[in-house]
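Note sheet for the following structure.
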2 protein chains.
Amino acid sequence: MNRSDAGSPSSTTREALLDAAESLFAERGVESTSVRDITKAAGANLGAVNYHFRSKDLLILEVFARRLRPLNQQRLAGLDELEATQIVPSLEEILRALIRPTVEDETSGKRRTDEFMRLISRSFQESNEELKTFMSGEFDEIIKRFDAAILRAVPGLVKEELFWRMTFLFGALHHGLERWTRFESMPIPPGLDPAHLRPDIEGFIQRFITFAAAGMRAAAAL
Amino acid sequence: MNRSDAGSPSSTTREALLDAAESLFAERGVESTSVRDITKAAGANLGAVNYHFRSKDLLILEVFARRLRPLNQQRLAGLDELEATQIVPSLEEILRALIRPTVEDETSGKRRTDEFMRLISRSFQESNEELKTFMSGEFDEIIKRFDAAILRAVPGLVKEELFWRMTFLFGALHHGLERWTRFESMPIPPGLDPAHLRPDIEGFIQRFITFAAAGMRAAAAL
DNA sequence: GTCTATAACTAGATAGAC
DNA sequence: GTCTATCTAGTTATAGAC
């Protein structure tokens, strides 16, 4: 930590670009965000993105990787801890380990920003092919570990059924977070009191886990 | 049906543009699709979109409106029929009325294309603001009617809880359909047999209803 | 109603001065 | 490492011939 100027660990411009891009991607998506928008928001010059990341596509990958990797590490750490203290953790505890890091940074104890949550939700929806491939890779370990834990926690649930239920679960989570984080700007059905309708984030997680756990435990139809 | 050429009801070029745009939007989204892509796919000239729809934005609205309006009409018709024959339809029947039109055109009895289903899923994810506003408007009646029916079918469920569960439900449905329609091109977790993993569309609906109905019936946490 | 040419603008990427 | 000027190619939209 001595060298204060020369070759400082990752230039501040680089970080500024990532931050600006992240914010814009979360709000409008990667397609609707131009390199010009990013450099302007970061207070950098137009050439900066290509200098630091070689192309817009590589910047996109880096923006998502920077957030998704630690997030998934925290998910796995949470499951490790759970399995270290209990033989068979409950389904609700497992789901909480999966979801909580989306909402709170467990290394710092700090609440995630709405922007962060929107970025994560969006990472599932972006049509960028390279991004999808990267995401799937990052997700493999998560799915493997959590699937195994859930199968132990829910007797009678079979792998094929779980595959589709996990798909439903992530769709529900990300659409729910999208709605929760944008609550103010979205219309709500008539007859509901807006002030009373939106729980705090803990309430949201609780509601989600209740819904998802019940879905996971449902008796298979056929 | 006599006039065969002059001023025939909605020119074929117009329809060709809508069809081409729909197909491209379903595959890559509206942002990644240019007017050039659309006119080329439709076998029309570059000016055609602006002549028939005034702008790309209005074409986008028309593409989604053309499919969403009849879809929602079929949903309401299905619920009408259900409520005409039973005092309190079961939750599963209500959910089926909500979901089936996404998958089968009940006026013709024909299976929807994967493309159609992808377009519907995408309509929830597109960041286009005008499109979102239009969608919310189209959805109001659906939500009002189906919420009321579900509240009757699930004793003890309160409106605020239902609001979030409906959000989860649509997220799960659209993400599930996205995955189901793109099954071949997406990676699956190791240890699963691809051939055995993907149900036919009836199996998919059944799985979805099982999951969603259990979530709807879950006892509220607080 | 169809088509082409083109206007007016924006995109990502790069070369080269500092 | 930063900045600007510029290139090439793409974008939507429109004017006017047919």
Side-chain angles (χ1 to χ4, degrees), chain A residues 2-25 27-64 66 126-131 134, chain B residues 2-25 27-64 66 126-131 134:
Chain A
N2 263 350
R3 296 168 295 142
S4 52
D5 53 345
S8 73
S10 61
S11 81
T12 69
T13 304
R14 194 188 139 92
E15 292 301 314
L17 288 170
L18 286 169
D19 291 342
E22 172 174 309
S23 176
L24 291 165
F25 290 170
E27 289 318 305
R28 339 179 195 148
V30 303
E31 297 287 349
S32 311
T33 304
S34 69
V35 173
R36 283 177 159 79
D37 294 333
I38 296 165
T39 50
K40 192 179 168 192
N45 64 82
L46 181 55
V49 161
N50 286 280
Y51 176 80
H52 286 283
F53 303 96
R54 299 225 348 257
S55 71
K56 181 189 174 183
D57 278 347
L58 289 174
L59 167 68
I60 293 169
L61 240 44
E62 189 56 33
V63 165
F64 284 92
R66 184 175 68 143
E126 292 289 349
S127 50
N128 185 311
E129 281 305 317
E130 289 155 318
L131 184 55
F134 164 78
Chain B
N2 264 349
R3 296 169 294 142
S4 52
D5 53 344
S8 73
S10 60
S11 83
T12 69
T13 304
R14 193 189 140 92
E15 293 300 314
L17 289 170
L18 286 169
D19 290 342
E22 172 174 309
S23 176
L24 291 165
F25 291 170
E27 289 317 306
R28 339 180 196 148
V30 302
E31 296 287 349
S32 311
T33 305
S34 69
V35 174
R36 279 178 160 77
D37 295 333
I38 296 165
T39 49
K40 192 179 168 191
N45 64 82
L46 182 55
V49 161
N50 285 281
Y51 176 79
H52 286 283
F53 303 96
R54 300 230 340 263
S55 71
K56 180 189 173 183
D57 278 347
L58 289 174
L59 166 67
I60 293 169
L61 239 44
E62 190 56 34
V63 166
F64 285 91
R66 183 175 69 143
E126 293 288 350
S127 50
N128 186 311
E129 280 305 317
E130 287 155 319
L131 183 54
F134 164 78

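Treat the numbers as computed from the prediction; the structure is a model and nothing was measured.
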Nucleotide nearest [X] when distance is taken to its side chain, options [options]:
X: A/N50; options: D/dA13, C/dT14, D/dT2; value: C/dT14
X: B/S55; options: D/dA13, D/dT2, C/dG12; value: D/dA13
X: A/S34; options: C/dT2, C/dT4, C/dG12; value: C/dG12

For atom [atom1] of [X] and atom [atom2] of [N], their distance in whole Å:
X: A/K56; N: D/dG10; atom1: NZ; atom2: P; value: 16 Å
X: A/L46; N: C/dA11; atom1: CG; atom2: C1'; value: 10 Å
X: B/R54; N: D/dT14; atom1: CZ; atom2: P; value: 9 Å
X: B/D57; N: D/dA13; atom1: CG; atom2: P; value: 7 Å
X: B/R14; N: C/dG1; atom1: CZ; atom2: C1'; value: 14 Å
X: B/F53; N: D/dA13; atom1: CZ; atom2: P; value: 13 Å
X: B/E31; N: C/dG12; atom1: CD; atom2: C1'; value: 16 Å
X: B/L17; N: C/dC3; atom1: CG; atom2: P; value: 10 Å

- Query: Toward the 5' end of DNA chain D, which comes first, A/R36 or A/N45, by nearest nucleotide?
  - Reply: A/N45
- Task: Tell me which of A/T33 and B/H52 sits closer to the 5' end of DNA chain C, going by the nucleotide each one is nearest to.
- Result: B/H52
For a quick test of reading the model, state the closest non-hydrogen atom pair linking [X] to [Y] and the distance between them.
X: B/N128; Y: B/D57; result: ND2-OD1, 4.2 Å
X: A/A42; Y: A/L17; result: CB-CD2, 3.8 Å
X: B/V63; Y: B/A21; result: CG2-CB, 3.7 Å

- With a 4.0 Å cut-off, would you call B/E62 and B/R14 a salt bridge? yes
- Query: Do B/D19 and B/R66 sit within salt-bridge range, that is, some charged N less than 4.0 Å from a carboxylate O?
  - Reply: yes
- Message: Below the 4.0 Å mark, does C/dT2 have OP1 or OP2 next to a side-chain nitrogen or oxygen of B/T13?
- Response: yes
